[in-house]
Amino acid sequence: MSPSYKLIQTSFVMGDLKERLLPKPTSISQLGDASSRPFASLRQPFQGVDVLGLKKRGQGVRSWIRVDASSGDSQVIEVDKFTVMRRCDLPARDLRLLDPLFVYPSTILGREKAIVVNLEQIRCIITADEVLLLNSLDSYVLQYVVELQKRLKEVWHLDGSELDRLRGCNGFGGIIGNNNTSSDYLPFEFKALEVALEAACTFLESQASELETEAYPLLDELTSTISTLNLERVRRLKSRLVALTRRVQKVRDEIEQLMDDDGDMAEMYLTEKKKRMESISYGGEQSMESVSAPVSPVSSPPDYRKLEKSLSFARSRHDSMRSSENGKQHIEEMEMLLEAYFVVIDSTLNKLTSLKEYIDDTEDFINIQLDNVRNQLIQFELLLTTATFVVAIFGVVAGIFGMNFPITLFDSPSAFDWVLLITGVAGLLIFASFLWFFKSRRVMPF
C-alpha cells in the first residue's frame with residue numbers, strides 16, 4: 001500500500017469523523033422550527049434540559065463530545081455549565097479549569113463522581129458512565145475519541161480463544177461473570193484517563209522531536225558562522241524550548257504527585273465507588289422491606305438468633321477485608337498506569353534537558369570564540385600602541401632639532417644621516433624590549 005493511499009485514507013477517516021462529531025451549522029429558520037421539536041438526542045443524556053432555552057438566556061452553553069462507556073458511541077451535545085456541575089457533582093472551580101478562554105497548567109483532579117483532566121489539548125470530564133470532552137477542531141481531540149472508541153469496542157470483540165486465555169490469567173473469568181477487575185482489565189475511567197495521558201505524551205513528544213530536529217542543524221550552523229540572524233534564530237528556539245520544558249515538567253509533576261498520594265489514586269476508582277453506592281442503596285431497600293414486612297408472632301429461638309448474628313458479623317468482616325484488598329489492588333493498577341506514562345514523559349523531559357545542555361554548550365563555545373577574537377584584538381591593539389610609541393620618538397627628535405637656535409651640528413653635512421640612524425636604532429631597540437617584556441609576562445603568545 002503506497003503512502004499516498006494511506007494519507008488519503010487517513011484524511012477520509014478524519015473527515016468522516018468530523019462530520020459525525022462536530023455540530024452542523026443551524027440557520028435562524030431552523031432554530032425557529034427546532035423550538036417546537038423535542039431535543040431527543042440532547043435529552044437522552046440530560047433529561048429535562050432545554051438547551052435552546054438556556055442558550056437564549058445566555059447561560060454559557062458549550063458544545064461537548066459525549067462518549068458512552070457501555071456502547072462506545074459518541075455524540076455532540078450542547079449543555080450549560082450548571083447542568084454539567086449538577087450531573088458530575090463538580091464545583092465551578094474545577095469546571096473552570098476546562099475553560100478554553102483561560103490558560104491553566106496541566107491538572108488531573110479526582111473527585112467523588114468524576115475525574116477532571118486538563119492535559120494540553122485534552123480537556124474532559126471522566127465519569128464511570130461517560131466522558132464529556134470539550135468539542136474542538138484539534139486533531140488530537142478527534143484522535144482521542146477514535147482511540148477511546150477503539151479500546152472500548154476491543155473488549156466486546158474478543159474471540160473465544162482470547163477469552164479462554166484471559167479467564168486463566170488472574171481470574172479473568174470473574175471479570176465477565178462478576179464484573180470484577182484484575183490486572184488484565186481496566187475500568188472505563190482508567191481507559192479514558194490512559195488515552196488522555198497517551199494523547200498528551202504523544203503531543204509533547206512530537207513537539208520535542210520537532211524542536212530537536214530544528215535545533216541541531218541550526219546550532220551546528222551557528223558554531224561555523226556566527227551572525228546576527230543565526231543568533232536571533234537560536235534565541236527564538238531557546239524561548240520555545242523553555243516554554244515546552246515548563247509544560248512537560250508540569251505534566252511530569254502532576255503524575256508524580258498522583259503517584260505519591262494513595263488517597264488521590266483511590267478517589268479515581270469511580271466504578272468501584274458506584275458499585276458500592278448501588279450495593280448500599282440496594283441493602284437499604286432490602287432492610288426497609290424487611291422492616292415493613294409483618295413479624296411472625298412465634299419468636300425465634302435464642303440459638304438461631306446467635307447464629308444469625310455471628311453469620312452477619314463474619315459476612316461484614318469478609319466484605320470489609322475484600323474491599324480493602326480490592327482498594328489496594330486498584331491503587332496498584334492506577335500506580336502502574338501512571339508509572340508507565342511517567343517514564344514516557346520523563347524521557348521527553350530528558351530529551352529536552354539534553355537539548356538545553358547542547359544549546360548551553362554551544363553558547364559556551366561561541367563565548368570562547370568571541371573571547372579569543374577579543375584577545376586577538378587586544379594583542380593587536382597593544383602592538384599598534386607600542387609601534388606608535390616608537391614612531392613618536394622620531395617626532396620628539398624632529399621637534400628638538402626643529403627649534404630655532406643655532407648649533408654647530410647643523411654645519412656638518414652628514415649630521416642628518418647620523419641623527420636618523422641613531423634614532424631608528426634606538427626605536428628598534430625600544431620596540432624589541434617591549435616585545436621581550438610582553439613575552440616574559442605571557443601577554444602575547446610568541
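Reckoned from all heavy atoms, side chains included, excluding hydrogens, waters and symmetry mates.
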(request) Look up atom CG in Leu204 and atom CD in Glu120, then write down how far apart they are to the nearest 0.5 Å. (result) 4.5 Å

(request) Check the pair Arg123, Tyr104 against side-chain contact (heavy atoms from CB on, under 4.5 Å), reporting the backbone distance first and the verdict last. (result) CA-CA 11 Å; Arg123 301 185 178 190; Tyr104 289 98; 5.7 Å; no

(message) We want to know whether Glu189 and Thr271 form a side-chain donor-acceptor pair, criterion being a heavy-atom distance below 3.5 angstrom.
(response) yes

(request) Count the heavy atoms belonging to other residues, nucleotides or ligands that lie under 6.0 Å from NZ of Lys250, then report whether that count exceeds 12. (result) yes

(request) Could you tell me which non-hydrogen atom of Asp262 sits nearest to which non-hydrogen atom of Met259, and how far apart they are? (result) OD1-O, 4.4 Å

(message) For Phe380, is the CZ atom crowded, meaning more than 12 foreign heavy atoms sit under 6.0 Å from it?
(response) no

(request) Indicate the atoms forming the closest heavy-atom contact of Tyr140 with Ser206, along with that distance. (result) OH-OG, 3.3 Å

(message) Before you tell me yes or no, could you show the steps for Thr127 and Asp129 under side chain to side chain donor-acceptor pair (under 3.5 Å), namely the whole-Å CA-CA distance, both residues' side-chain angles and the distance that decides it to 0.1 Å?
(response) CA-CA 5 Å; Thr127 64; Asp129 301 322; 5.5 Å; no

(request) Evaluate the side-chain proximity of Ser209 to Glu205: yes if any heavy-atom separation is below 4.5 Å, no if none is. (result) yes

(message) Could you go through Leu383 and Phe434, starting from their C-alpha distance and side-chain angles, then the distance that decides it, and tell me whether this counts as side-chain contact (heavy atoms from CB on, under 4.5 Å)?
(response) CA-CA 9 Å; Leu383 288 176; Phe434 274 111; over 6 Å; no

(message) Is it the case that the side chain of Glu254 and the backbone of Ile108 share a donor-acceptor pair, with hydrogens and angles ignored and the cut-off at 3.5 Å?
(response) yes

(message) Within the 4.5 Å heavy-atom criterion, are Met265 and Asp261 side-chain neighbours or not?
(response) no

(request) Give a yes or no answer on whether the side chain of Thr225 reaches the backbone of Leu222 with a donor-acceptor pair at less than 3.5 Å. (result) no

(request) Kindly say whether Ile368 contributes a backbone atom to a donor-acceptor pair with the side chain of Asn372 at under 3.5 angstrom? (result) no

(request) State, with a plain yes or no, whether a side-chain heavy atom of Thr386 is found less than 4.5 Å away from one of Phe437. (result) no

(request) Return the minimal non-hydrogen interatomic distance between Phe190 and Met268, and the atom names on each side. (result) CE1-O, 3.8 Å

(message) Are the side chains of Ile77 and Leu132 in contact, using a 4.5 Å heavy-atom criterion?
(response) yes

(message) For a side-chain contact (heavy atoms from CB on, under 4.5 Å) check, start with the C-alpha distance between Leu133 and Val67, then their side-chain angles and the critical distance, and finish with the verdict.
(response) CA-CA 8 Å; Leu133 185 71; Val67 181; 6.0 Å; no

(message) In the structure I gave you, are the side-chain heavy atoms of Glu130 and Trp64 within less than 4.5 Å of one another anywhere?
(response) no

(request) Give the C-alpha distance, both sets of side-chain angles, the deciding distance and a yes or no for salt bridge (Lys or Arg N to Asp or Glu O under 4.0 Å) between Arg86 and Asp80. (result) CA-CA 10 Å; Arg86 288 193 301 269; Asp80 63 305; 5.3 Å; no

(message) Just so I know, are the side chains of Ile378 and Leu382 near enough to count as touching, which here means a heavy-atom distance under 4.5 Å?
(response) no

(request) State, with a plain yes or no, whether a side-chain heavy atom of Cys88 is found less than 4.5 Å away from one of Lys113. (result) no

(message) For a quick test of reading the model, state the closest non-hydrogen atom pair linking Ala196 to Tyr144 and the distance between them.
(response) N-CE1, 3.3 Å

(message) Please check this pair: side chain of Asn230 against backbone of Ile226, looking for a donor-acceptor N/O pair closer than 3.5 Å.
(response) no

(message) Working to the nearest 0.5 angstrom, can you tell me the gap between Leu338 CG and Leu193 CG?
(response) 6.5 Å

(message) Check whether Asp99 reaches the backbone of Phe102 with its side chain - one donor and one acceptor, N or O, closer than 3.5 Å.
(response) no

(request) Say whether, by atom type as modelled, one donor and one acceptor occur between the side chain of Asn118 and the main chain of Leu97 under 3.5 angstrom. (result) yes

(message) I'd like to know if the side chain of Thr353 and the backbone of Leu349 have a donor-acceptor N/O pair within less than 3.5 Å.
(response) yes

(message) Rounded to the nearest 0.5 Å, what separates atom CG in Leu352 from atom CG in Leu211?
(response) 7.0 Å

(message) Can you confirm whether more than 12 heavy atoms, excluding those of Lys351, are under 6.0 Å from its NZ atom?
(response) yes

(message) Testing the basics here: between Val251 and Ser106, what is the closest heavy-atom pair and its distance to 0.1 Å?
(response) CG2-OG, 3.3 Å

(message) Tell me if a side-chain donor or acceptor on Lys273 pairs with a main-chain N or O of Glu267 at a distance below 3.5 Å.
(response) yes

(request) Please name the pair of heavy atoms, one in Leu337 and one in Glu194, separated by the smallest distance, quoted to 0.1 Å. (result) CD1-CG, 3.5 Å

(message) Is it true that, when you exclude Glu381 itself, more than 12 heavy atoms of the residues, nucleotides or ligands shown sit nearer than 6.0 Å to its CD?
(response) no

(message) Measuring from atom CG of Leu355 to atom NZ of Lys238, what distance do you get when rounded to the nearest 0.5 angstrom?
(response) 11.0 Å

(request) Verify whether one side chain among Gln257 and Asp253 offers a donor that lies under 3.5 Å from an acceptor in the other. (result) no

(request) Quick one: pull up CZ in Arg252 and SG in Cys201 and give me the separation to the nearest 0.5 Å. (result) 12.0 Å

(request) Measure the CD-CG distance between Glu212 and Leu241 for me, rounded to the nearest 0.5 Å. (result) 10.0 Å

(request) Check whether any side-chain heavy atom of Asp260 sits under 4.5 Å from a side-chain heavy atom of Glu256, and report yes or no. (result) yes

(request) Could you give me the CA-CA distance, side-chain angles and deciding distance for Lys356 and Ile359, then say whether side-chain contact (heavy atoms from CB on, under 4.5 Å) is met? (result) CA-CA 5 Å; Lys356 186 178 183 301; Ile359 292 177; 5.6 Å; no

